[in-house]
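The basis for the numbers below is simple: all heavy atoms, side chains too, and nothing from hydrogens, waters or symmetry mates. These figures come from a predicted structure and were not determined experimentally. Below, read A as the first sequence line, B as the second, and so on, with proteins coming before strands; counting in each chain starts at 1.
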There are 2 protein chains.
Amino acid sequence: MGRQITEMLKGTLEGIVLAILALRPAYGYEITAGLRERGFADIAEGTVYAVLVRIEQKGLVDVQKVPSEKGPPRKVYSLNVRGKDELEEFWRTWGFLSERLEHLHQGGK
Amino acid sequence: MGRQITEMLKGTLEGIVLAILALRPAYGYEITAGLRERGFADIAEGTVYAVLVRIEQKGLVDVQKVPSEKGPPRKVYSLNVRGKDELEEFWRTWGFLSERLEHLHQGGK
DNA sequence: ACCGGTAGATAGTAACACTGAATAGCCCGG
DNA sequence: CCGGGCTATTCAGTGTTACTATCTACCGGT
């Protein structure tokens with residue numbers, strides 16, 4: 001899309017993935033598809049997997065390997081308690097930033 | 001504040017500074033003060049100067065050195081045409097992301 | 001002579017998303 | 001039976017960004 005959205009996604013993409021996982025557990029390929037459905041059309045697959053590795057290492061998700069009918073086994077990620085806390089914190093931080101930017105957009109001071 | 005807001009500011013801080021400059025020309029120290037007034041209490045001065053160097057190199061601002069009554073000379077930045085275009089693009093990108101996140105926050109799919 | 005407020009610059013670090021490619025399993029058509 | 005296409009994951013290398021910490025510089029007051 002452009003370098004602006006790329007930079008904006010830093011700090012939000014992880015939250016977006018957590019929010020998707022909050023709806024229901026999912027595996028990487030599925031999450032990528034979900035992102036495309038939700039308008040994030042050009043987020044590379046590799047990027048999503050990198051996020052998943054990160055949130056797993058942070059202990060925000062539980063992981064379960066599930067055999068697939070078609071293709072290699074899936075790694076199904078589900079949000080755990082720490083992940084839910086992190087997601088709440090994400091929404092708070094987003095709200096903070098969003099509110100201040102809204103002010104700036106409408107007339108500044 | 002926390003690492004979350006730090007990461008979210010990547011990609012938005014530059015836009016925020018451009019938005020402040022759109023209100024009226026300003027110099028670094030003044031911009032930092034403006035950020036604090038607007039709730040961005042813990043953005044380091046060094047960070048702001050780095051942004052200013054960047055937007056100057058990108059050619060988004062015009063710069064004028066003005067002697068100060070108190071202290072070393074000020075570098076006054078004013079948004080030029082390219083800067084205004086960039087700012088508009090920033091608001092578009094922000095709107096895009098903001099809208100999608102709003103959807104996710106309210107019920108997801 | 002010193003300190004606090006004003007004003008700007010910079011080197012080094014860590015986090016993050018992207019690119020591009022590799023690997024691997026499975027199914028179907030020719 | 002074999003090669004292309006879909007599913008699914010992984011990884012090395014790159015560039016951008018904000019933060020920390022520190023340094024320089026000018027001025028006024030004590």
Specify the separation, in whole Å, of atom CD of E45(B) and atom C1' of dG5(C). 11 Å

Please determine, by modelled atom types, if Q4(B) and E86(A) share a side-chain donor-acceptor pair under 3.5 angstrom. yes

Rounded to whole angstroms, how far apart are CD on Q57(A) and P on dA15(C)? 12 Å

Presence of salt bridge, E56(A) and K75(A), under 4.0 angstrom: yes

Over 12 foreign heavy atoms within 6.0 Å of NZ, K84(A): no

Taking CZ from R74(A) and C1' from dA24(C), how many angstroms apart are they, rounded to a whole number? 15 Å

Please give, in whole Å, the distance from dC27(D) P to K70(B) NZ? 13 Å

What is the distance, to the nearest angstrom, from the OH atom on Y77(B) to the P atom on dA7(C)? 14 Å

Rounded off to whole Å, could you give me the CD-to-C1' distance for the E69(B) and dA7(C) pair? 12 Å

Rounded to whole angstroms, how far apart are CD1 on I31(B) and P on dA9(C)? 12 Å

dA7(C) OP1/OP2 closer than 4.0 Å to side-chain N/O of Y27(B): yes

For atom CG of L35(A) and atom P of dC18(C), their distance in whole Å: 10 Å

Does dG8(C) have its OP1 or OP2 closer than 4.0 Å to a side-chain nitrogen or oxygen of Y49(B)? yes

Taking side chain as C-beta onward, heavy atoms only, is I20(B) less than 4.5 Å from Y77(B)? no

Pull out every protein N or O sitting under 3.5 Å from an N or O of nucleotides 16-19 of chain D, one pair per line with the distance.
{"residue": "dT16(D)", "atom": "O2", "partner": "K10(A)", "partner atom": "NZ", "Å": "2.6"}
{"residue": "dT17(D)", "atom": "OP2", "partner": "R54(B)", "partner atom": "NE", "Å": "3.4"}
{"residue": "dT17(D)", "atom": "O2", "partner": "K10(B)", "partner atom": "NZ", "Å": "3.0"}
{"residue": "dA18(D)", "atom": "OP1", "partner": "L9(B)", "partner atom": "O", "Å": "3.0"}
{"residue": "dA18(D)", "atom": "OP2", "partner": "R54(B)", "partner atom": "NH1", "Å": "2.9"}
{"residue": "dA18(D)", "atom": "OP2", "partner": "R54(B)", "partner atom": "NH2", "Å": "2.7"}
{"residue": "dC19(D)", "atom": "OP2", "partner": "T47(B)", "partner atom": "OG1", "Å": "2.9"}

Check for a donor-acceptor pair, side chain of R82(B) on one end and backbone N or O of K58(B) on the other, with a separation under 3.5 Å. yes

So I43(A) and T32(A), side chain to side chain contact (heavy atoms under 4.5 Å, CB included) or not? Walk me through it. CA-CA 8 Å; I43(A) 292 180; T32(A) 304; over 6 Å; no

When you measure from the side-chain N and O atoms of K65(B) to the phosphate of dA7(C), is any distance below 4.0 Å, counting only OP1 and OP2? no

What class does the angle between the rings of F96(B) and F40(A) fall in, given that below 30° is parallel, 30 to 60° is tilted and above 60° is perpendicular? perpendicular

